[in-house]
Amino acid sequence: MTDNQPARVRYAPSPTGYFHVGGARTALYDYLLARQTGGAFILRVEDTDQKRFNPEAVADLLAGLRFLGLEWDEGVEAGGSYGPYTQTGRLDIYRKYTKQLLDDGYAYRCFCSSERLAAVNDARQKAGQNPGYDRHCRRLAPPETEARAAAGESFTVRLKVPPAGSITVHDAIRGAVTVKNSQLNDAVLIKSNGIPTYHFAVVVDDHLMEITHVMRGEEWLSSYPLHAHLYNFLGWEPPVFAHLPVILNPAGKGKMSKRETRAPDGSLYPVFVHTFKEMGYLPEAMFNYLALVGWSYDDKTEFMTREEIIGRFSLKRVNASPAAWNYDKLNHFNGIYIRRLSVEALTDRLLPFVRRAGIQADRDTLLKITPLIQERLTLLSEAAEKIDFFFGDDLPPFDLALLTPKKLTPADVPPILQKARAVLARIEFNHDALAAGLKQAAADMGLKAGQFFQPVRVATCGKKVAPPLYGTLAVLGKETVLRRIDQTLARLSE
RNA sequence: GCCGCAUUCGUCUAGUGGCCCAGGACACCACCCUCUCAAGGUGGCGACACGGGUUCGACUCCCGUAUGCGGCACCA
């Protein structure tokens, strides 16, 4: 399927917020390419923005990647021979290449104050020009700038963009993109605090870590030409670049929010990986769906195993246009994956969700209940409210009006329950016997099965919508079933 | 404002000049199955943004317009 050499691919988020689906999709594609080619998936943390750094974000990121099964071979916590894998640990390295750029005349020191920069920006915009820096310090002679720097004056280091001409860059998804150099700014490479900007750090790190494919969000496409100049000035061969389209909100209008919002009905629209996990989305369903947000294999194949996706993934088939996140479709995927699980596996995944909901469930009992709800689940978290009545001896009070089936009256209910009780008392509690007995009982009373079953269901489960009756009664057991029917009958006669 | 990217059913997509009066999936609707709810089955609704070219022939190529998105920070 692939003719690629082993790829070294990195996921390099900046830890400023929780791990969301956009980042997860990028990490997934990185992982796929690395696994497909037998290469390495590397995790690097871009913490050059000290102001927005959030230590909680790193933990959330690692947990999210592990949940999705995107195990990395190298990087944070995994180690490797290209470290450090956190940018603030690489300051000496950046210093070395800054000096090289300065010495070669591809960069210069800038002493402008932020006030002046802001003023220049305003003036340029008012004059109808592109906002940006006016290259004021670009003409300063190196001996002078060195002296000022040595004297302790604060400065940044800027890239010396070629004054004329244009540059053509290649994107694996979009093809060639040409930009005039006049559109480019003399971007800051090193901030006055000595820490590199993203632009500089990413180029140095990717090169030194021998990254072969850079996948990142589309928002970086505009600065790609800048990075390309940097590769040229440093005399390095650039890796393959692929700018992934943004993920749109479900309406397809505008970017998917990086904050979780609620629908008018109060339900949550998750965007963080940890929230999807808490809601009971399966990692395999997320993996499959995420792969399809922007990529497709052919005109009809959608359900694929991890191995199949790894084998079939191709950057050439990544769409250049943005894709809307479709919760309905993800839910559908999740339901399919839940149904594909073995009863044992589903039970094990359900157990923590059920217990978290406050139900004292034991695995053996749950094992018997799972088959009854397996094809009725979209999310693992939905199980609890579907099976709560299986636990505890007595039912919490329910609305007696629920007992009355369509076309019948409340007065019809007691005779039905009495008939059901009589039949249930004498038959064995297995599926076939229950089916035969209850159907016969309905026929004896001249009722449709549905009419006869409703009071029985409500009296034993406490709700109108419940798993199939025969299986439910069998799990509940004769003793509990008869007692609950008696209790309902008693409430009705009060 | 300037620059860049994108534009097929409501949504995700297939389609690389004739196989397409456009195929699949989610959602929606109807019917079937059925003890409720699901699941499953069958069928239906529904799209090439617009205008010019190029060509015997354009969803596919070119130009323009419109719309959306991104960038133009000592944030990533």
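The figures that follow rest on heavy atoms only: side chains count, while hydrogens, waters and symmetry mates do not. Just so it is clear, the model here is predicted, and its values are computed rather than measured.
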Asks: Contact class for Leu117(A) (heavy atom, under 4.0 Å): base, sugar-phosphate, or nothing?
Replies: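 Touches a base.
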Asks: Can you tell which of C74(B), C2(B), C35(B) lies closest to the side chain of Thr197(A)?
Replies: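 The listed nucleotide nearest to Thr197(A)'s side chain is C74(B).
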Asks: With heavy atoms under 4.0 Å as the rule, sort Trp220(A) into base, sugar-phosphate or nothing.
Replies: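 The residue Trp220(A) makes base contact.
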Asks: What nucleic acid atoms does Arg216(A) come within less than 4.0 Å of, heavy atoms only: base, sugar-phosphate, or nothing?
Replies: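 No contact at all - Arg216(A) keeps every heavy atom at 4.0 Å or more from the nucleic acid.
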Asks: With a 3.5 angstrom cut-off on both distances, give the Watson-Crick or G-U wobble partner of G10(B), or none if there isn't one.
Replies: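 Across all strands, the one nucleotide that pairs with G10(B) is C26(B).
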Asks: P atom, A38(B) versus A30(B): distance in rounded Å?
Replies: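 Approximately 13 Å lies between the P atom of A38(B) and that of A30(B).
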Asks: With sugar-phosphate meaning primed atoms plus P, OP1 and OP2, does Asp49(A) contact a base, only sugar-phosphate, or nothing at under 4.0 Å between heavy atoms?
Replies: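 Contact class for Asp49(A): sugar-phosphate only.
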Asks: Under a 3.5 Å limit for both distances, which nucleotide forms a Watson-Crick or G-U wobble pair with C20(B), could you say?
Replies: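 Pairing partner: none.
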Asks: Quick one: which of U13(B), C3(B), G24(B) gets closest to the side chain of Glu302(A)?
Replies: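 Nearest listed nucleotide: G24(B).
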Asks: Side chains of Tyr18(A) and Glu56(A): any donor to acceptor distance under 3.5 Å?
Replies: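 A pair is found: one side chain offers a donor N or O, the other an acceptor, under 3.5 Å apart.
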Asks: Can you confirm if the NZ or CZ of Arg312(A) lies within 45° of the ring axis of Tyr297(A) and under 6.0 Å from the centre of its six-membered ring?
Replies: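 Yes, Arg312(A) and Tyr297(A) form such a contact.
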Asks: Sugar-phosphate means primed atoms, P, OP1 and OP2; the rest is base. With that split, encode nucleotides 38-48 of chain B 5' to 3' as B, S or - using protein heavy atoms under 4.0 Å.
Replies: BSS--------
Asks: Tell me whether Arg148(A) forms a cation-pi arrangement with Phe111(A), defined as NZ or CZ under 6.0 Å from the six-membered ring centre and within 45 degrees of its axis.
Replies: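 The answer is yes, since Arg148(A) meets both limits relative to Phe111(A).
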Asks: Give Lys253(A) one of three labels, base, sugar-phosphate or nothing, depending on what nucleic acid heavy atoms sit under 4.0 Å from its own.
Replies: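 No contact at all - Lys253(A) keeps every heavy atom at 4.0 Å or more from the nucleic acid.
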Asks: Pick the P atom in A25(B) and in G18(B), then give their distance to the nearest Å.
Replies: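 It comes out at 24 Å once rounded to the nearest Å.
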Asks: Any cation-pi pair here, Arg457(A) with Phe453(A), using under 6.0 Å and within 45°?
Replies: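 Not flagged: Arg457(A) not positioned over aromatic ring of Phe453(A).
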Asks: In whole angstrom, give the distance that lies between atom CE of Met256(A) and atom P of C69(B).
Replies: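 My rounded result for the distance is 16 Å.
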Asks: Any base atoms under 4.0 Å from Cys112(A), or only sugar-phosphate, or nothing? Heavy atoms, all strands.
Replies: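 If one applies the 4.0 Å heavy-atom cut-off, Cys112(A) turns out to touch a base.
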Asks: Measure from NZ or CZ of Arg158(A) to the centre of the six-membered ring of Tyr108(A) and say whether it is under 6.0 Å with the direction within 45° of the ring axis.
Replies: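 No, a cation-pi geometry is absent between Arg158(A) and Tyr108(A).
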Asks: The side chain of Asn185(A) is closest to which nucleotide in this list: G23(B), A73(B), A76(B)?
Replies: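 In terms of side-chain proximity for Asn185(A), the closest of G23(B), A73(B), A76(B) is A73(B).
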Asks: Heavy atoms from C-beta onward define the side chain here; which of A76(B), G1(B), A25(B) lies closest to that of Glu219(A)?
Replies: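 When the side chain of Glu219(A) is considered, A76(B) is the closest of A76(B), G1(B), A25(B).
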Asks: Counting the atoms with a prime plus P, OP1 and OP2 as sugar-phosphate, which does Ala466(A) contact under 4.0 Å by heavy atoms, base, sugar-phosphate, or nothing?
Replies: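 Result for Ala466(A) = base.
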Asks: Using purine N1 to pyrimidine N3 plus N6-O4 or O6-N4 for Watson-Crick, or N1-O2 and O6-N3 for G-U wobble, both under 3.5 Å, which nucleotide pairs with C72(B)?
Replies: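 WC or wobble partner is G1(B).
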Asks: What's Ser14(A) touching, base or sugar-phosphate or nothing? Going by heavy atoms closer than 4.0 Å.
Replies: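 Sugar-phosphate contact only.
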Asks: Between atom CG in Leu221(A) and atom C1' in C5(B), what is the gap in whole Å?
Replies: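 It works out to 6 Å between those atoms.
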Asks: Which part of the nucleic acid, if any, lies within reach of Gly450(A) when heavy atoms closer than 4.0 Å are counted: base, sugar-phosphate only, or nothing?
Replies: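 It contacts sugar-phosphate atoms only.
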Asks: What contact category does Gly294(A) fall into here, base, sugar-phosphate, or nothing, at under 4.0 angstrom with non-hydrogen atoms?
Replies: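 Sugar-phosphate contact only - Gly294(A) comes under 4.0 Å of backbone atoms but never of a base.
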Asks: Can a donor-acceptor pair be found, under 3.5 Å and without considering hydrogens, that links the side chain of Glu382(A) to the backbone of Thr378(A)?
Replies: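 Side chain of Glu382(A) to backbone of Thr378(A): a pair is present.
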Asks: Are OP1 or OP2 of C74(B) and a side-chain N or O of Arg158(A) less than 4.0 angstrom apart?
Replies: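 Affirmative; the distance criterion is met.
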Asks: Distance check: side-chain N/O of Ser114(A) vs OP1/OP2 of C74(B), anything under 4.0 Å?
Replies: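 Checking C74(B) against Ser114(A), no side-chain N or O comes under 4.0 Å of OP1 or OP2.
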Asks: Searching all strands shown, indicate the nucleotide that pairs with G64(B) (Watson-Crick or G-U wobble; both distances under 3.5 Å).
Replies: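 Answer to the pairing question: C50(B), which forms a Watson-Crick or G-U pair with G64(B).
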Asks: Ring-plane angle category for Tyr29(A) and Phe313(A), please: parallel below 30°, perpendicular beyond 60°, tilted otherwise.
Replies: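 Answer is tilted, since the angle falls between 30° and 60°.
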Asks: Hey, does Asn331(A) reach any base, or is it just sugar-phosphate, or nothing, if we go heavy atoms under 4.0 Å?
Replies: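 Asn331(A): no heavy atom of the nucleic acid under 4.0 Å.
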Asks: Test for a donor-acceptor pair under 3.5 Å between the base of C74(B) and the side chain of Ser192(A), counting only N and O atoms.
Replies: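 Check passes, donor-acceptor contact within cut-off.
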Asks: Ignoring the backbone of Tyr198(A), work out which of A76(B), G23(B), A14(B) is nearest its side chain.
Replies: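 The answer is A76(B), which lies nearest to the side chain.
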Asks: If I take atom CZ in residue Arg52(A) and atom P in nucleotide C74(B), what distance separates them, rounded to the nearest angstrom?
Replies: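 About 14 Å, once rounded to whole Å.
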